[in-house]
Number of protein chains: 2
Amino acid sequence: MTGRLTHPTRSDARYNREHILDVAREVFATEGLTAPMREIARRAGIGPATLYRHFPTKELLATEAFAAQMAACETVVDEGLADPDPWRGFCSVIERICELHARDRGFTAAFTTSFPHAVDFTARRERTLALVAKLAGEAKKSGRLRQDFVLDDLVLVLMANGGIHAASPATRVAASRRFAALVIRAFEA
Amino acid sequence: MTGRLTHPTRSDARYNREHILDVAREVFATEGLTAPMREIARRAGIGPATLYRHFPTKELLATEAFAAQMAACETVVDEGLADPDPWRGFCSVIERICELHARDRGFTAAFTTSFPHAVDFTARRERTLALVAKLAGEAKKSGRLRQDFVLDDLVLVLMANGGIHAASPATRVAASRRFAALVIRAFEA
DNA sequence: AGCGAAACGGACGGGGGCGTCCGTTAGCTT
DNA sequence: AAGCTAACGGACGCCCCCGTCCGTTTCGCT
């Protein structure tokens, strides 16, 4: 069913679809998920109807737009797991995911908010969190991570990281970095 | 000039003013600062015009409504300073302020956001922060607080604490408590 | 080249919030 | 108790966003 939507036959439709996603990524990153659909349409140089035809709901658009970010999250966790030193891997996961969220306002919202209809997105999130849990287990065994760490602590940290608002993205990333360093100190045994 | 506004001559006006403030506190606490002015008027059982007559801008209303919360913040800091153990005082400030913010969605926003026109509000905030700085200095001298703590770390924590969203206020307060414990561990030498 | 279908986008109606006007109500004064 | 005036609130116009309809354009196939 989605085959028709994901692979339009006509070239202009195919181009528009990708172009919309590019613009949506940029707009969501700077303005957040609350950005109007119209704004995305405007910047993409298309009419609202075209936007809605490609992505009937904002949830669908966001899910597709953040697929790359989600993949980046998974990569970060995978690389953390691959690190021979589990504590170092654990720290890198916190640092890099915090930075990912700081760079992209919308992604934080998309990650935290669970859209009712974006089922596969929450599924991927849960799967990734499960991998983090595994990494945390190894880090605990190595003795560097506090034994009383629970996965909810990480969720808490991500939510809190989302609360770091700042005028410029640069400041936000810097603040987020400091924040990551802070919580890592808190998690260290 | 504000004398007329703060002390209306007619009894119904005087009552309405206080009633609006009560309702605004409740609405801001549960719905956040983004709550429509209309909602406050509705719950107060008055027309929008009456609300706007008493408080021409949302900033003015919020500033007045959160005066009590602001005072509570100051009390918390004062009591922290009064504690003979500066580290314990410092911890109590973090815990209690985080809880204050968790209980009141709007206050977080009002505290973090600097309204362009609510001059005296930011002034009180700065004054309070200065007191916290003093407390932090003593806590450092006692050796329990890390030497590299800076006041910006606390601001960062408050912003991050504001990012902790949750369905029920109870959950939010609980999460905020865990968060406070987390950052205290990070701040301990 | 010409046709059919797919894709486009201007325009519409609906909903909600905002701030204000002005006719009405009701408190205070003498 | 009667009038003056402050205070009230329903209703208005404005703007922004949403999602959709439908007439027009353009692509791709033959």
Side-chain angles (χ1 to χ4, degrees), chain A residues 1-24 27-28 30-65 105-106 109 113 115-118, chain B residues 1-24 27-28 30-65 105-106 109 113 115-118:
Chain A
M1 286 300 107
T2 56
R4 285 270 306 291
L5 283 173
T6 44
H7 300 300
T9 38
R10 266 173 59 168
S11 63
D12 53 348
R14 242 178 300 127
Y15 167 79
N16 269 339
R17 183 183 164 79
E18 290 311 311
H19 190 213
I20 288 170
L21 282 174
D22 282 343
V23 172
V27 171
F28 282 149
T30 54
E31 319 266 340
L33 262 193
T34 58
M37 291 287 265
R38 287 301 211 281
E39 177 65 18
I40 296 168
R42 262 189 295 272
R43 291 209 212 179
I46 60 172
T50 302
L51 175 55
Y52 278 104
R53 189 170 321 104
H54 283 286
F55 305 96
T57 71
K58 194 185 266 191
E59 279 85 356
L60 284 172
L61 174 58
T63 306
E64 296 261 3
R105 293 178 75 85
T113 313
F115 289 125
H117 303 300
Chain B
M1 284 298 109
T2 56
R4 284 273 304 292
L5 283 174
T6 44
H7 300 298
T9 38
R10 262 173 61 169
S11 62
D12 54 347
R14 244 177 300 125
Y15 167 78
N16 268 340
R17 184 184 163 77
E18 291 312 311
H19 190 215
I20 288 170
L21 282 174
D22 282 342
V23 172
V27 172
F28 282 149
T30 54
E31 318 266 338
L33 262 193
T34 58
M37 291 288 265
R38 287 303 212 282
E39 177 64 18
I40 295 168
R42 262 190 294 273
R43 291 208 212 177
I46 61 174
T50 302
L51 175 55
Y52 278 105
R53 190 172 319 104
H54 282 287
F55 305 96
T57 72
K58 194 184 268 191
E59 279 84 357
L60 283 173
L61 175 58
T63 306
E64 296 261 3
R105 293 178 76 83
T113 313
F115 289 125
H117 303 300

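So that the names make sense, note that chain A is the first sequence line, chain B the second, and so on, each numbered from 1.
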Subject >> Closest to side chain of R53(B), choosing from dG9(D), dC28(C), dC8(C) >> reply: dG9(D)
**OP:** Among dC8(D), dC18(C), dC8(C), find the nucleotide with the atom closest to the side chain of H54(B).
**Re:** dC8(D)
Subject >> Donor/acceptor link under 3.5 angstrom from R38(B) side chain onto base of dG19(C) >> reply: yes
Original post:
Taking for each residue the nucleotide of DNA chain C bearing the nearest heavy atom, is the 5' side occupied by P36(B) or by G45(A)?
Top reply: G45(A)
Subject >> Euclidean distance, H54(B) NE2 relative to L61(B) CG, rounded to 0.5 Å >> reply: 11.0 Å
Subject >> Value in whole Å for how far the P atom of dG9(D) lies from CG of L51(B) >> reply: 11 Å
Original post:
Can you check the K58(B) NZ to dG17(C) P distance for me, whole Å?
Top reply: 10 Å
Original post:
From dG27(C), dC8(D), dA11(D), pick the nucleotide closest to the side chain of P48(B)?
Top reply: dA11(D)
**OP:** Carefully, step by step, assess E64(B) and R17(B) under the rule side-chain contact (heavy atoms from CB on, under 4.5 Å).
**Re:** CA-CA 11 Å; E64(B) 296 261 3; R17(B) 184 184 163 77; 3.2 Å; yes
Original post:
Is T50(A) touching bases, backbone alone, or none of the nucleic acid, heavy atoms closer than 4.0 Å?
Top reply: base
**OP:** Using atom CG of D12(B) as one end and atom P of dG27(C) as the other, report the distance to the nearest whole Å.
**Re:** 6 Å
**OP:** Could you tell me whether R14(A) and E18(A) make a salt bridge, using a distance below 4.0 angstrom between a side-chain N and a carboxylate O?
**Re:** no
Original post:
For the residue pair A35(A) and V27(A), what are the closest heavy atoms and their distance?
Top reply: CB-CG1, 3.5 Å
**OP:** Specify the separation, in whole Å, of atom CD1 of I20(A) and atom P of dG9(C).
**Re:** 9 Å
Subject >> Per Y52(B) side chain, nearest of listed nucleotides dG19(C), dC17(D), dC8(C) >> reply: dG19(C)
**OP:** Using a 4.5 Å cut-off on heavy atoms from C-beta on, say whether the side chain of I46(A) contacts that of H19(A).
**Re:** no
Original post:
Rounded to whole angstroms, how far apart are CD on E39(A) and C1' on dC15(D)?
Top reply: 16 Å
Original post:
What is the distance from NE2 of H19(B) to P of dA7(D), rounded to the nearest Å?
Top reply: 18 Å
Subject >> Rounded distance (Å) that lies between atom P of dG9(C) and atom CD1 of I40(A) >> reply: 16 Å
Original post:
Would you say dG28(D) has OP1 or OP2 under 4.0 Å from some side-chain N or O of S11(A)?
Top reply: yes
**OP:** Measure from the side-chain heavy atoms of R10(B) and tell me the nearest of dG9(C), dC27(D), dA6(D).
**Re:** dA6(D)
Original post:
Base, sugar-phosphate, or nothing: which does A49(B) touch, judged by heavy atoms less than 4.0 Å apart?
Top reply: base
**OP:** Would you mind reading off the distance between N16(B) atom CG and dA26(C) atom P, rounded to a whole angstrom?
**Re:** 13 Å
